[in-house]
Amino acid sequence: MHILLVASAFNSLTQRVHVELRDHGHTVAVELALPERPLAEAVRRHAPDLVLAPMLKTAIPREVWAAYPCFIVHPGPFGDRGPSSLDWAIQRGADRWGVTVLQAVEDMDAGDVWATVDCAVPLVGKSDLYRGEIADAALTAVLLAVERFASGTHTPRPQGPAHAEYTPVRIRPYLDQSVRRIDWDADSTETVLRKLRAADSQPGVLDVLCGAEWYLHGGHPEGGLRGAPGELLATRAGAICRATTDGAVWIPELRRRRAPGQPPTYKLPAAQALGDRLPSLPELAAPDCADPRQRTWTDIGYREEGSVGVLSFSFPGGAMSTTQCRRLLDAYRQACARPTSVLVLGGQRDFFSNGIHLNVIEAAEDPAAESWANINAIDDLVEAVLTTTDRLVVSAVAGNAAAGGMMLALAADEVWCRAGAVLNPHYRLMGLYGSEYWTYTLPRRVGAATADRLLGEALPMSAASARDLGLVDRVVDCGPGDFAAEVGRLAARLAALPGSPSRIAAKKAELERQECGEPLAAFRERELTRMRRTFDDPDAPYHALRRAFVHKRRPQSTPPHLGLTATTATRTAAGADRSTRARVTGTALDDLSRRPDGWYEES
């Protein structure tokens, strides 16, 4: 079928639906619902078989849903209605929730239901849940609804008392700041965390801190520190720790409340946002991961099991500032000093990385200089991974990865990706040529022609499509909460393979051959020459695009690249010739597909 996605933004769920429908052979176009652009006219232009709205903040006009079948993806179970459904679920401590695909009608969320799928609600922030369990449930529901619609034989279930299995409707109001407000003198740590998680990453929890109004973003429990309720206790890695009535919480990011007549504000690391307002507080070092008694938060952690080391990291929004890149590089070097044969990079929930930190760059006194510092810091990290020759390095991509973050993953010997991750291996939409050694790592995996096409199309892809192109070595089909354990099991098996020592030995020889031919430094120098010209040119599109991204400016029209796309089958047929892909040491697919125990199985 030809399916038109109508969305308020091309957000993570819309991208996930986009790539999965393409993988299933549908042609897919996207139209953003913008105030200045009549939606009915755009829909007529696309002439779709089905209109699907994965994330829509406004109602579909009658002239559209009366003329075309329109399905709405609602992040709530059957009978649930309202704009803050997921927020209410988290704030009230629900342990299960769901996603419903229903037909658009006059009243919001009141149409007949084509599919509904439930899911668990782990103790994570709303954005993490939305990209994880909710997105998984949404895709199951969307694919089922599309299949039922295509069959022409399915009768959707009405919402109303006329149905034999009537479920009472629950209309939830908008969850405003009066309900989200934290009472630091009365709320327990559990209550504070629920409120913070329900507002992450938008709209945040409005609060007063250090004499000003801020939106608090993100929340993690602290098991050891104590203080007077509301008191600031410490900092760690840019986050601040604040006391509750019975404990404390870590808050990674703050956003200043917008003043009348002023431009929109944006999130920054909490300590940076407070600046001179921040009182003198102790900066706490990261905890010892070997000590299970330390119940606290950190954004970078390391653990070891036998011959496998796991260097995990989790940065808000997947963005990596200069400071974060340098800290992760220090941790990487420390991990490489350990006696392991396999090092896993990543492996937790949610984002892997989206590359440089545009918000921190925008806030800098000299954004061009900070851009330059940030790109060099992430390049240093990628270089360290590329030049690791005494062990196998695995990038474990639990969630979405984009731009320089995707190129960081490609620096490893193998890339293992959770089935639900969405990958964006391109830079064009931010007006950048790109660095992170992409001119070396991307072509060696997919070939030069496919690399150019991926960067030019600037479209997201699923983990399965990335595997078909050779961009990913293994797709791990599991839930977000199971990924870390599954990666640990696979890494242990990889470390135990008889062929792994020879692969490690081959890494050094291959790097020496590369350095004798075209050194890695040459790739970096060429990339950074292009990037430096962009950063230093105040009229370069990058600066305007960065500001628009950071300030969440609405586009004037749907970007042209989101128009009609070919099916994955067509794209794969025109894709990379795997026989031309350079193999530094071979991959798990090469070694394990020949093993008689059947450990390697295509997902």
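The cationic group of Arg547 does not satisfy the cation-pi geometry with Phe549, failing either the under 6.0 Å distance to the six-membered ring centre or the 45° limit from the ring axis. Annotation: cation-pi pair Arg532/Phe535 absent, no NZ/CZ under 6.0 Å from the ring centroid and within 45° of its normal. At least one cation-pi condition fails for Arg257 and Trp214: the charged atom is not both under 6.0 angstrom from the six-membered ring centre and inside a 45 degree cone around its axis.
Here the shortest heavy-atom pairing between Pro443 and Trp438 reads CD-O, 3.1 Å. In terms of heavy atoms, His543 sits closest to Thr534 at NE2-O, 3.3 Å. The minimum heavy-atom distance between Val393 and Ala412, with the atom names listed, is O-CB, 3.4 Å. Scanning all heavy atoms of the two residues, the minimum distance from Leu281 to Leu232 falls at CD2-O, 3.5 Å. Of all heavy-atom pairs spanning Leu471 and Arg445, the tightest one is O-NH1, 3.4 Å.
Here Arg467 does not pair with Asp473 in a salt bridge; the nearest charged N to carboxylate O distance is not below 4.0 Å. Using a 4.0 Å cut-off between a side-chain N of Lys or Arg and a carboxylate O of Asp or Glu, Arg180 and Asp207 do not qualify as a salt bridge. Between Glu213 and Arg255 there is no salt bridge, since no side-chain N of the basic residue sits under 4.0 Å from a carboxylate O of the acidic one. Checked for salt-bridge contact, Glu518 and Arg526 meet the test: a charged N lies under 4.0 Å from a carboxylate O.
Checked against the 6.0 Å centroid threshold, Phe315 and His357 do not count as a close aromatic pair. For Trp416 and Phe483, the ring centers are positioned 6.0 Å apart or more.
Side-chain atoms of Ser8 come within 3.5 Å of backbone atoms of Lys57 as a donor-acceptor pair (strictly under, hydrogens ignored). The main-chain N or O of Val422 is found under 3.5 Å from a side-chain atom of Asn400 such that the two form a donor-acceptor pair. Looking at Gln324, its side chain does come within 3.5 Å of a backbone N or O of Ser321 through a donor-acceptor pair. Listed for the Arg236 side chain is a donor-acceptor partner under 3.5 Å among the backbone atoms of Trp297. Arg303 contributes no side-chain N or O that, together with a main-chain N or O of Val310, makes up a donor-acceptor pair within less than 3.5 Å. Judged by distance alone, with hydrogens and angles left aside, the side-chain atoms of Lys126 form no donor-acceptor pair with the main-chain N or O of Ser201 at under 3.5 Å. Listed for the Glu527 side chain is a donor-acceptor partner under 3.5 Å among the backbone atoms of Tyr437. A donor-acceptor pair is defined here as one N or O able to donate and one able to accept, closer than 3.5 Å; such a pair exists between the side chain of Asn374 and the backbone of Met320. Side chain of Ser12 to main chain of Arg131: no donor-acceptor pair is present (N/O by atom type, distance under 3.5 Å, no hydrogens or angles). At distances below 3.5 Å, not a single donor-acceptor pair connects side-chain atoms of Ser465 with backbone N or O atoms of Met461.
Residues Arg418 and Pro480 form a side-chain contact, since some pair of their non-hydrogen atoms from C-beta on lies under 4.5 Å apart. Between Leu459 and His561 there is a side-chain heavy-atom pair separated by less than 4.5 Å. Put simply, the side chain of Leu193 reaches to within 4.5 Å of the side chain of Pro221, judged on heavy atoms. Put simply, the side chain of Asn11 does not reach to within 4.5 Å of the side chain of Pro54, judged on heavy atoms. Two residues are said to be in side-chain contact when any heavy atoms from C-beta on lie closer than 4.5 Å; Val415 and Arg474 fail this criterion. Residues Pro264 and Arg258 have side chains in contact (heavy-atom distance under 4.5 Å, counting atoms from C-beta outward). Put simply, the side chain of Leu511 does not reach to within 4.5 Å of the side chain of Leu386, judged on heavy atoms. Residues Phe523 and Gln514 are in side-chain contact: their nearest non-hydrogen atoms beyond the backbone lie under 4.5 Å apart.
Here the rule is side-chain contact (heavy atoms from CB on, under 4.5 Å) with Trp250, and of Ile240, Thr298, Leu284 only Leu284 fits it.
No hydrogens or angles considered: a donor-acceptor pair under 3.5 Å links the side chains of Tyr332 and Thr388.
Between Thr322 atom OG1 and Asn376 atom CG the span is 9.0 Å, to the nearest 0.5 Å.
Around atom CD of Glu525, no more than 12 heavy atoms belonging to other residues, nucleotides or ligands sit under 6.0 Å away.
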